[in-house]
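To start, the structure under review is shown below, and the notes come after it.
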Amino acid sequence: MVLITAASAAAARAVAAGRPTDDYIALETRDASPAHFLFKIESCSLLQNCGIDKYETNDFVAGEHNWKLIICPNGEDKEKDSDYISIYLAMGDTSSMPANWEVNAVFSIFLYNQIHDNYLYSLGITRRFLGVKPQWGFSKFISKKFLTDPSNGYLVDDNCVFGAEVSVVKKEAFAIECLSLKNFEIPYKRDWMIPNFSKLGEFWKSEKFTAGGHKWIVQLYPKGNGDASGRHVSVFLWYYGSNNGTPSERVHARRTICIKNQLHDLHHKKTNTAWYVGSSDYWGWSTFMEIATINDPKNGFIVNDSCLLELEISVKAVVQVSPLPIEK
């Protein structure tokens, strides 16, 4: 069975519009009792005679936190809610909690049916409990008319039973990922004159430099790398993390690498865009340029045994993941 209480249509519209309200509540039934707390009221009809307009239960523990129920038998707002029972879940003793504490919890409120031996309960809702807002619940949990009708089974021999079930949402291994898009109209450019090209060993490596707030190194293999060995010159751009030490999971960069023709305006260059994932990742071209082409003196790429290498790089996007401490 699903029961929608006599909440106003305006409250339902507020929920649909994303505005917080405690007037709208859907109730279902189940056989299992609430996991954390039961509260019985005997001689319920005497509440008003005893002048008890608001009752706070003792604390109970759920999810390593203290909680309590607050029940207003004549409604929290006597002008608006006088025909209803108002009931709230509130944080109990918070003296041992840190300043600016925050607890996120999923909770349900229960009402025992003494005829059918089952429970009417609110569908679990998630709320953030704070020092400035330590309680959440329902100003119109159940109507007095519905509760006091003996055929419904919730008030028997002038006794009724409420309950609560609370599941704390813990931030375990929680992280925030941020994608920052960059708009660098002027890319970073620089060049290197590599001397004694014919005498280079396995590879030539630039010094570490900064471009777009990140550290990089260019590495050139004059005799090729991997499957390109002996046939092509290989060139790679290595990523070495952000310049300020902030951990970056991924960097999206567009780069152009060019070996300049020192005799003619016929340069050899390649451009592409790639994601660099973590520090010490690299992208480039193992078959950047044929060895025979670069070594032919008529082509002008090697002059006086020196090679002129040019780089152009633009950081387009940065993804950062910031872990948050686990909340207990």
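Note that these values count all heavy atoms, side chains included, but never hydrogens, waters or copies made by symmetry. Counting from 1, the numbers follow the sequence of the chain as shown. All of these numbers come straight from a predicted model, not from anything done at the bench.
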Applying ring-ring contact (aromatic ring centres under 6.0 Å, His included) to F162 and not counting sequence neighbours gives none

Donor-acceptor under 3.5 Å ([X] side chain, [Y] main chain):
X	Y	answer
W283	Y276	no
N159	S43	yes
N196	K199	no
D93	S95	yes
S229	G226	yes
S122	I109	yes

Going by side-chain heavy atoms closer than 4.5 Å, which hydrophobic residues are tied to [X], directly or by a chain of links?
X	value
V132	L130
I217	F203, Y221, F236, W238, Y240, Y282
L46	none
M193	L308

Using residues 284-298 as the side-chain source, report each donor-acceptor pair under 3.5 Å to any protein atom, sequence neighbours left out, with the distance given to one decimal.
from: N295; atom 1: ND2; to: I291; atom 2: O; distance (Å): 3.4
from: D296; atom 1: OD1; to: K298; atom 2: N; distance (Å): 3.0

For the residue pair [Y] / [X], report whether a side-chain donor-acceptor contact shorter than 3.5 Å exists.
X	Y	answer
Y119	D31	no
E102	N100	no
S151	D149	yes

On the six-membered ring of Y121, is R30 placed so that its NZ or CZ lies under 6.0 angstrom from the centre and within 45° of the ring axis? yes

Taking side-chain contact (heavy atoms from CB on, under 4.5 Å) as the test, write out the residues that go with [X], two or more places apart.
X	value
A211	Y188, F209, W216, I313
R254	T271, T273, K316
Q135	I70, E76, Y88, A90
N261	L263, H264, L266, H267, F301

Could you label the plane-to-plane angle of the F37 and F60 rings as parallel, tilted or perpendicular, counting under 30° as parallel and over 60° as perpendicular? parallel

Can you name the side chain to side chain donor-acceptor pair (under 3.5 Å) partners of S180, sequence neighbours left out? none

Any Lys/Arg nitrogen of K144 or D83 sitting under 4.0 Å from an Asp/Glu carboxylate oxygen of the other? no

Could you go through L120 and I142, starting from their C-alpha distance and side-chain angles, then the distance that decides it, and tell me whether this counts as side chain to side chain contact (heavy atoms under 4.5 Å, CB included)? CA-CA 10 Å; L120 187 69; I142 202 78; 3.9 Å; yes

Going through the checks in order, is the side chain to side chain donor-acceptor pair (under 3.5 Å) test met by Y84 and N74? CA-CA 6 Å; Y84 294 86; N74 298 309; over 6 Å; no

Check for me whether the distance between the ring centres of Y154 and F146 falls short of 6.0 Å. yes

In terms of hydrophobic clustering (I, L, V, M, F, W, Y; side-chain heavy atoms under 4.5 Å; direct or indirect links), are I85 and Y55 co-clustered? yes

Indicate if V235 and I194 have the same hydrophobic cluster label, given that clusters are the connected sets of ILVMFWY residues with side-chain heavy-atom separations under 4.5 angstrom. yes

Run the side chain to side chain contact (heavy atoms under 4.5 Å, CB included) test on D157 and Q114 for me, step by step, so that the C-alpha distance in whole Å, both residues' side-chain angles and the decisive distance to 0.1 Å come before the verdict. CA-CA 10 Å; D157 296 330; Q114 302 171 60; over 6 Å; no

Which residues pass the salt bridge (charged side-chain N to carboxylate O under 4.0 Å, His left out) test with E42, not counting sequence neighbours? K40

Quick check on salt bridge (charged side-chain N to carboxylate O under 4.0 Å, His left out): which of E207, E310, E312 does R190 satisfy it with? E207

Does the side chain of L147 come within less than 4.5 Å of F141's, by heavy atoms? no

Apply side chain to side chain contact (heavy atoms under 4.5 Å, CB included) to residues W192 and L220 and explain how you reach the verdict. CA-CA 11 Å; W192 294 266; L220 179 146; over 6 Å; no

Pair L155, C44 - check side chain to side chain contact (heavy atoms under 4.5 Å, CB included), show working. CA-CA 8 Å; L155 187 67; C44 192; 3.8 Å; yes

